[in-house]
Structure formats: structure tokens, C-alpha cells
**Q** 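This is the structure I want to talk about, given as C-alpha cells.
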Amino acid sequence: MIFKKDNFIFGFVMGLIAPFIGFAVFKYKKLGPLNYGEALQYIIMEPGHRMLTIAISLCLLANAILFTIYINSNIDKTAKGIFAATIIYALTALSLKTFG
């Protein structure tokens, strides 16, 4: 089965894709009538960036769930790839929040 694959690159790619799924869930729950462009614009331009913080947290939660599943299944290389992608997302989010 493909999800049993123990490969760093596979985990990294999954770690890059999962936050988009998390964002899609957030967008439909909180900003349903807006399209993706409008939703992103609203989130970024909102004073105080409260929605941005929530969106980033949910996006990274998607990776945390994947990471936990793979660590508990002892599929360590894939888990390391997910973790690496999560670190990149977290540092990017922190940079946006701090300097944006």
C-alpha cells in the first residue's frame, strides 16, 4: 500500500500537501462564500491577523496528525519528511507573522 511507504521524499511531499487540505477545511468552515483568492486576501489583510493565526495552526495540525500516524506506525523516514515540511511551513508562517 502506498501509505506504508517509508521514504523521506514521500513524507516531505505529503507534508507539503496536507496543509492545503487543512486550509481547504478551514476555508469552507469559516469563509464558505468566499473563493480561495478572496479568502486569502481577507485572512492576510485582516487587522491583528487573528484568522491568519487560526488558519496556520489548522494547516500545521494536518501535518501533526500525519506525523503522529507515521511515527506510531514506525514508518520513520516518512515521518521525518513530514516533520521537515512542517518546520519549513512553521518558519514561513512565523516570518509572515513577524515581518508581514
**Q** Same cluster for Ile54 and Ile44 if Ile/Leu/Val/Met/Phe/Trp/Tyr side chains link at under 4.5 Å?
**A** no
**Q** Give the cluster check for Val25 versus Ile82: same hydrophobic cluster or not, with ILVMFWY residues linked at side-chain heavy-atom distances below 4.5 Å.
**A** no
**Q** Could you pull out the closest heavy-atom pair between Pro19 and Cys59, with the gap in Å?
**A** O-SG, 3.2 Å
**Q** State plainly whether one hydrophobic cluster holds both Leu94 and Tyr89, where clusters connect Ile, Leu, Val, Met, Phe, Trp and Tyr through side-chain heavy atoms under 4.5 angstrom apart.
**A** no
**Q** Return the CG to CE distance between Leu52 and Met45, rounded to the nearest 0.5 Å.
**A** 12.0 Å
**Q** Minimum heavy-atom separation for Tyr70 and Lys5, please, with both atom names.
**A** CE2-O, 4.4 Å
**Q** Determine the minimum heavy-atom distance between Met51 and Glu46, stating which atoms define it.
**A** N-OE1, 2.8 Å
**Q** Could you grab the distance from atom CG of Leu58 to atom OG1 of Thr53, nearest 0.5 Å is fine?
**A** 11.0 Å
**Q** Kindly assign one of parallel, tilted or perpendicular to the pair Phe67 and Phe83, based on the angle between their ring planes and the thresholds 30° and 60°.
**A** tilted
**Q** Given the rule in the side-chain contact (heavy atoms from CB on, under 4.5 Å) test, do Ile43 and Leu31 qualify, once you have shown the distances and angles that lead to the verdict?
**A** CA-CA 10 Å; Ile43 290 169; Leu31 305 168; 3.8 Å; yes
**Q** On a heavy-atom basis, which atom in Gly15 and which in Ala85 lie closest, and how many Å separate them?
**A** C-CB, 3.5 Å
**Q** Kindly assign one of parallel, tilted or perpendicular to the pair Phe26 and Phe23, based on the angle between their ring planes and the thresholds 30° and 60°.
**A** tilted
